[in-house]
Amino acid sequence: MRQRLEGLLRQALTRSKEGGALKLESLPPLIFEIPRDSKFGDLASTVALGLAKSERMKPRDIAQLIIDHIDDPDELIADTEIAGPGYINFRFSSNFWRRCLMDLETDACGIADQGQGRKVLVEFVSANPTGPLHVGHGRGAVLGDGVSRLLAATGYSVTREYYINDAGKQIDTLAASSLARLRQAFGEECDIPEDGYPGEYLVELMTEQRDTALAQIAAEVKAPVPEGASAVAAFLDEHGDVAARVCGELAATLLLARIVDDMSALAVQMDTFVSERELRDKGVVGKALDELQSAGFLYEEDGARWFRSTDFGDEKDRVIERSDGALTYFAADIGYHREKLSRGFDELIDIWGADHHGYIARVAASLRALGADAERFRVLLVQLVRLTRGGEPVRMGKRSGEFVTLREVVDEVGADATRFFFLMRKGDSQLDFDLDLAVKQSSENPVFYVQYAHARICSIFRQAESDGLTIPDAESAPLHRLEAATEQELIKTLAIYADTVAEAAAEREPHRVVFYLTDLAARFHRFYNQERVMVDDAELSAARLCLARSTQIVLRHGLKLVGLGVPETM
RNA sequence: GCCCUCGUAGCUCAGUUGGAUAGAGCACAGGAUUCCUAAUCCUGGGGUCACAGGUUCAAUUCCUGUCGGGGGCACCA
């Protein structure tokens, strides 16, 4: 809707300028709003208010000038009025609404191609493969997926990537913990390391993989597989390092597979997986550091190597190589992000937990130092989820071993309800997830409200079909018969779908689509309760069937856009 | 101590990027179905937009400060 009026207004402004009526050093942003009260028209613009100062004219006079310069050959605008301090209120003709509905019947549902094929890499979840995903990861997964879907729908070429942190201390810890569990699986008395991962999932995993693991270790050291508890214990003592490595790799691989499975239960799919270890082995990290070195951004101090990130807006310099010679996590991240850019992406989006926000400045600094435009890197923070049960906080963490896994929640409340719950909130707002409440309310989750609207429409169409009625398309439907207030409101809501998606994509905020869908469903339910779709008047029925079809199109498109199911019956 | 972020109805949250009388769901009270799905709809009460200044014709929105919640300030990952 906005897009259509924008063209006309922009033209009017250009003509005013050419005719000398307005100076217009630059074309002002065209800000529209949908008036709360329909007596102020269908859409209002504040352009004239914004121009008052630079033009040194009264806003109302400017508004009049603009209106006088509008050229509207298709008669899309039925009426304009200048109101209040200088609003221009537009009322549209049935022609206009017809075009909006016709837009919805196109492949892209009238959504503009903002992305123009620009390549975007969205990196999200990227949880260490040291345990199952927990509820907090779910939020990042759903947000990253939602943003990806939004960008894909608006013309971007999107790649979803998972960065596997399979190097470094956490993996060493996993290796030691899983080796201990392996020993236990063979009947040995063995405690897991003090700061290891105590979770039950490792016990299950290593018990199940007991023989596989032992066979792999034996193969690596080219020794026969030991038999009997004491022989196994002696064998593992002798080849402790290899055993730990094999256990760690085995556990990481299987845990990652489980993570992938957990994500797909939430309808989240990745396109690519990148391994930190592989990047390091391929020399990607070293190359990036060499570049920084030769550009003069690295220096030695206190026996460590530092990156002069303060030159690029960070608040302090950062260590990239510790005095013991080990590279820091940050060094790996520099290499990874450089590698992402080298793959030809126009834009990198990272989705991080809010506890990493202090990290943004240094990664951005490293990219700038490597010559990349800072605009191309953007981090979306997702606030941590505070898990409660009956109002009491649930302590969680791999360290404590207590877990509420994402999978448990999805199994209990369902994928759609879980997705909707996360997508209803802006990513940067804090979120309490009450387990008891989530289960209790899963049956009244608003997602069903939206899906029910779609199912209802399908039901109407089943009825229409058995009555031998056909649904006209928007071009030929007698839309002038849709005069009821509920019908008008519904049409207007349908007309702003493409605008809503465009804004949501531009802001990377999927929750806007979710709110829109809830609003659309509400308007449809209202219409449905007040008017009968199929009535004796064939023309009126045709118009209402068309309206229902348009609503169905948008509901289906919108539900898919946020990754939700589109049921035909409920 | 410094930095980031949030503070809107009893609760959970939106608020069209600075515009007209601040909205929705839940909860609470009452009502609607001879007919396309009642997982629906209608009516009602509820607010100093944390607080105080500032910018502006116009501030919930931008700036500064105060208070409060959360997070971050490692040769950790």
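First the proteins, then the strands, lettered A, B, ... as listed; each starts at 1.
Among the protein residues, A:Asn89 comes within range of the nucleic acid bases, having at least one heavy atom under 4.0 Å from a base atom. The residue A:Glu531 sits close to a base: some heavy atom pair falls under 4.0 Å. Within the nucleic acid shown, A:Asp302 comes within 4.0 Å of at least one base atom, counting heavy atoms only. The residue A:Ala52 sits apart from the nucleic acid: no heavy atom pair falls under 4.0 Å. Among the heavy atoms of the strands lying under 4.0 Å from A:Phe515 are primed sugar atoms or P, OP1, OP2 only; no base atom is included. Nucleic acid contact class of A:Asn165 (heavy atoms, under 4.0 Å, all strands): none. Residue contacts shown for A:Thr518 are absent, as no nucleic acid heavy atom lies under 4.0 Å away. Heavy atoms of A:Lys39 sit under 4.0 angstrom from at least one base atom. Counting any heavy atom pair closer than 4.0 Å across all strands shown, A:Phe32 reaches sugar-phosphate atoms only and no base atom. If you check every strand for non-hydrogen atoms under 4.0 Å, A:Ala354 touches sugar and phosphate atoms only.
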With B for base contact, S for sugar-phosphate-only contact and - for none (protein heavy atoms under 4.0 Å), nucleotides 1-7 of chain B reads ---BS--
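Using cut-offs of 30° and 60° for the angle between ring planes, the A:Tyr516 and A:Tyr497 rings count as tilted.
In this entry the distance linking CG of A:Leu49 with C1' of B:rA20 reads 10 Å, nearest Å. Rounded to whole angstrom, the span from the CZ atom of A:Phe307 across to the C1' atom of B:rC75 amounts to 17 Å. Put simply, CD1 on A:Ile496 is 13 Å from C1' on B:rG15, counting in whole angstrom units. The NE2-P distance, from A:His525 to B:rC41, rounds to 6 Å in whole Å. Here the C1' atom of nucleotide B:rG71 and the CG atom of A:Asp355 are 7 Å apart, to the nearest Å. B:rC13 atom C1' lies 20 Å from atom OH of A:Tyr516, rounded to whole Å. Distance CD (A:Glu321) to C1' (B:rA74): 17 Å, rounded to an integer number of Å. Here B:rG15 presents its P atom at 16 Å from CG of A:Asp499, a figure rounded to the nearest Å.
Separation of the A:Tyr162 and A:Phe124 ring centroids does not fall under the 6.0 Å cut-off. If you look at A:Tyr449 and A:His525, their ring centroids are closer than 6.0 Å.
Considering only side-chain N and O atoms, A:Tyr449 lies under 4.0 angstrom from the phosphate OP1 or OP2 of B:rC41. Between B:rC36 and A:Arg462, no contact under 4.0 Å exists linking OP1 or OP2 to a side-chain N or O. At the phosphate of B:rA38, OP1 or OP2 sits under 4.0 Å from a side-chain N or O atom of A:Arg456. Under 4.0 angstrom from either OP1 or OP2 of B:rA74 there lies at least one side-chain N or O belonging to A:Lys316. A sub-4.0 Å separation between OP1 or OP2 of B:rG15 and a side-chain N or O of A:His511 is present. Residue A:Tyr452 places at least one side-chain N or O under 4.0 Å from the OP1 or OP2 atom of B:rA39.
Distances were taken from every side-chain heavy atom of A:Trp306 (C-beta onward) to each of B:rC41, B:rA77, B:rC75; the shortest belongs to B:rC75. In this structure, the nucleotide among B:rC36, B:rU40, B:rA27 sitting nearest to the side chain of A:Asn529 is B:rU40. Nearest nucleotide to the A:Glu33 side chain, out of B:rC36, B:rU16, B:rA77: B:rU16.
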Where does RNA chain B pair, written as one dot-bracket string 5' to 3', with Watson-Crick or G-U pairs under 3.5 Å, ( ) inside the strand, [ ] for crossing pairs and | for another strand?
(((((((..((((.....[...)))).(((((.......))))).....(((((..]....))))))))))))....
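Between B:rA14 and B:rU61, the two C1' atoms lie 14 Å apart (nearest whole Å). Across the C1' atoms, B:rA9 and B:rG15 are found 14 Å apart, a figure rounded to whole Å. The same atom, C1', is picked in B:rA58 and in B:rC42; the two are 36 Å apart, to the nearest Å. B:rG44 and B:rC6 are spaced 34 Å apart, taking the P atom of each and rounding to whole Å. Here the separation of B:rA50 from B:rU8, taken at their C1' atoms, is 10 Å to the nearest Å. Taking atom P in both B:rC28 and B:rA22, the straight-line distance is 27 Å, to the nearest Å. Atom C1' of B:rC13 sits at a distance of 22 Å from the matching atom of B:rU21, rounded to the whole Å. Taking the C1' atom of each, B:rG18 and B:rU56 are spaced 9 Å apart, rounded to whole Å.
Looking at A:Arg532, its side chain comes within 3.5 Å of the base of B:rC35 through a donor and an acceptor atom.
Applying the side-chain contact (heavy atoms from CB on, under 4.5 Å) criterion to A:Ala477, with sequence neighbours excluded, gives A:Pro472, A:Leu479, A:Cys546. For A:Val382, the side-chain contact (heavy atoms from CB on, under 4.5 Å) partners two or more places apart in sequence, or in a different chain, are A:Arg139, A:Leu143, A:Ile351. Every side-chain contact (heavy atoms from CB on, under 4.5 Å) that A:Tyr163 has, sequence neighbours left out, goes to A:Glu123, A:Ser126, A:Asn165, A:Val274, A:Glu276, A:Leu279, A:Ala332, A:Asp333, A:Tyr336. By the side-chain contact (heavy atoms from CB on, under 4.5 Å) test, A:Ala538 pairs with no residue at all, sequence neighbours left out.
For A:Glu568 and A:Met424, each mapped to the nucleotide of RNA chain B holding its nearest heavy atom, the one lying further toward the 5' end belongs to A:Met424. Residue order along RNA chain B, read from the 5' end via each residue's closest nucleotide, puts A:Glu509 first among A:Ala44 and A:Glu509.
A salt bridge is absent between A:Lys426 and A:Glu509; no separation between the charged side-chain nitrogens and carboxylate oxygens falls under 4.0 Å. Salt bridge annotation for A:Asp281-A:Arg277: absent, with no cationic side-chain nitrogen under 4.0 angstrom from a carboxylate oxygen.
Tested against A:Ser541, the residues A:Asp467, A:Asp536, A:Val535, A:Val533 include a single side-chain contact (heavy atoms from CB on, under 4.5 Å) partner, A:Val535.
The cationic atom of A:Arg549 (NZ for Lys, CZ for Arg) lies less than 6.0 Å from the six-membered ring centre of A:Phe461 and within 45° of the ring axis. In this structure, A:Arg425 forms a cation-pi arrangement with A:Phe421, its terminal cationic atom sitting closer than 6.0 Å to the ring centre and no more than 45° off the ring axis.
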Audit row: A:Phe312, A:Phe297, ring-ring contact (aromatic ring centres under 6.0 Å, His included) steps and yes/no
CA-CA 10 Å; A:Phe312 302 93; A:Phe297 299 131; 4.9 Å; yes
